[in-house]
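Chain letters run A, B, ... following the sequence lines, proteins first and then strands; every chain starts at 1.
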Amino acid sequence: MPELPEVETLRRQLFQEIRGKRIRTLAVYDAKLGPAPNLEGRKINSIRRQGKFLEIVLDDGSVLRLHLRMTGRLFRCDVAEDTNVPAHTRFRLFLEDCEIIGVDPRRFATLTLEQPNRHGPNLPDLLKNPDPSAFQQAARKRRLAAKVFLLDQAVFPGMGNIYACEVLHSAGVDPRRPASEVTREEWETIGREMRRILNLAVRCRGTSVSDWRDLHGNAGEFQHHLRVYGREGMPCPRCGSGVERIVLGGRGTWFCATCQK
DNA sequence: CGAACGACCTGTTCGC
DNA sequence: TGCGAACAGGTCGTTC
């Protein structure tokens, strides 16, 4: 569920709430997540985002790395009211004066502690400078649908199903086109629309199309800006013809066959 | 190497 | 109202 804008929303809110604070303990309640590492006394130096990964950097250089997958959520609350935690609580990070609760009904989310100096390659940040040349280069031998290619996390870190549909609609590119046949000019448009849409979605604190909530339990606002995602049969805001739904790469894909070429 | 598909889980919605 | 099927924001491993 959470895509780049939702994860970035959490990163910014976590920065406000927990940066510089000391950890009392990390409690894990789902065996799938593995044993809870001992984090007692560690201080939180910073919060980073790599694609859809949230990284909590600790004062000994180790990194608590979290991926929310489909249904993972984080909520901040006062430790005082801890008798009734939400359903599907999978872990609780206790701090000096509050706690962060990890909730995940489907149990796809992951939580790992990485040791210092083991950072992978530095990924591009789609919020800042999408690089059309890099996109076209990566698409060279890819015959798969452009929409499926946009979900390749090595090329588009953080891109997810909702925003892939919206970016291709705004760029006027048919999601079924083979990725390798998208032109240089179209990659430039896609990069521009990607940056615009993702930044707007961050300002909206994400898309609450069903049940996404931010760190404080509030819904996002970007669902009011959706033009095609989830809007089968409704008029395309640009040309008025009906939005269609197809399946690409096993995922629902919404688009306008009239203005996406 | 690239691509298709099932698996991982559970909750919600839809059709009969 | 009840019940089963379909579907859901994401990735990974296996197979072709």
Side-chain angles (χ1 to χ4, degrees), chain A residues 1-11 28-34 49-54 65-74 86-91 102-112 120 123 126 137-169 175-182 194 197-198 200-202 204-215 218-233 245-255:
Chain A
M1 134 198 220
E3 309 180 29
L4 185 153
E6 290 76 25
V7 178
E8 177 66 15
T9 295
L10 288 176
R11 189 194 69 76
V28 172
Y29 309 105
D30 182 356
K32 262 191 86 183
L33 293 175
R49 181 184 58 76
Q50 293 278 337
K52 294 171 196 163
F53 285 92
L54 261 182
R65 201 154 190 261
L66 173 66
H67 196 301
L68 298 168
R69 302 289 175 114
M70 300 277 268
T71 50
R73 311 277 155 61
L74 295 180
H88 313 300
T89 292
R90 306 303 180 196
F91 65 87
V103 173
D104 181 24
R106 287 174 77 174
R107 303 168 68 208
F108 287 167
T110 57
L111 179 65
T112 58
L123 298 169
L126 300 183
Q137 175 67 25
R140 265 187 147 158
K141 293 180 179 173
R142 311 294 295 276
R143 298 292 302 170
L144 79 180
K147 154 70 176 1
V148 181
F149 180 63
L150 277 200
L151 296 177
D152 185 333
Q153 298 299 296
V155 185
F156 306 99
M159 191 53 55
N161 204 33
I162 294 176
Y163 301 104
C165 291
E166 293 298 314
V167 166
L168 287 177
H169 175 263
R176 300 165 292 188
R177 295 250 308 278
S180 57
E181 291 178 12
V182 175
M194 190 175 287
I197 288 171
L198 292 175
L200 176 58
V202 169
C204 289
R205 298 184 341 282
T207 303
S208 291
V209 73
S210 63
D211 51 9
W212 154 253
R213 293 294 181 278
D214 69 12
L215 191 64
N218 298 314
E221 300 292 338
F222 193 76
Q223 63 275 17
H224 305 306
H225 297 268
L226 294 176
R227 295 180 165 182
V228 288
Y229 181 85
R231 301 175 63 84
E232 182 178 12
R245 179 189 188 275
I246 57 175
V247 174
L248 291 177
R251 325 275 312 270
T253 301
W254 289 264
F255 73 110

So what does [X] touch, heavy atoms closer than 4.0 Å: a base, only the sugar-phosphate, or nothing?
X: T207(A); result: base
X: V209(A); result: base
X: D104(A); result: nothing
X: Y229(A); result: sugar-phosphate
X: R73(A); result: nothing
X: E6(A); result: nothing

Can you check whether [X] has a side-chain N or O nearer than 4.0 Å to OP1 or OP2 of [N]?
X: Q153(A); N: dT11(C); value: yes
X: R90(A); N: dC9(B); value: no
X: K32(A); N: dC8(B); value: no
X: R69(A); N: dT11(C); value: no
X: K52(A); N: dT11(C); value: yes

Give the nucleotide from the list [options] with an atom nearest to the side chain of [X].
X: H88(A); options: dC8(B), dT10(B), dT11(C); answer: dT10(B)
X: R107(A); options: dG10(C), dA8(C), dC9(B); answer: dC9(B)
X: M70(A); options: dA3(B), dG10(C), dT11(C); answer: dG10(C)
X: F108(A); options: dA8(C), dT11(C), dC9(B); answer: dC9(B)
X: R142(A); options: dG10(C), dT10(B), dG2(B); answer: dG2(B)

dC9(B) base to R106(A) side chain: any donor-acceptor pair below 3.5 Å?
->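 Present.
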
Check the distance between dC8(B)'s C1' and L68(A)'s CG and give it to me in whole angstrom.
-> 17 Å

Taking atom C1' of dC12(C) as reference, at what distance in whole Å does atom CZ of F53(A) sit?
-> 11 Å

Between dG4(C) and dC9(B), how far is it from one P atom to the other, in whole Å?
->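 Each nucleotide's P atom is 22 Å from the other's.
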
Please state the P separation for the pair dC12(C) and dG11(B) - nearest whole angstrom.
-> 24 Å

Taking the six-membered ring for Trp and the single ring otherwise, decide whether the centroids of F156(A) and F149(A) are under 6.0 Å apart.
->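 Close enough - the centres of the two rings lie under 6.0 Å apart.
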
Measure the spacing between CG of L248(A) and NZ of K147(A) and express it to the nearest 0.5 Å.
-> 6.0 Å

Interatomic distance, R11(A) atom CZ to L4(A) atom CG [nearest 0.5 angstrom] | 10.5 Å

Checking salt bridge (Lys or Arg N to Asp or Glu O under 4.0 Å) for the pair D104(A)/R90(A): CA distance, chi angles, key distance, verdict?
-> CA-CA 7 Å; D104(A) 181 24; R90(A) 306 303 180 196; 5.5 Å; no

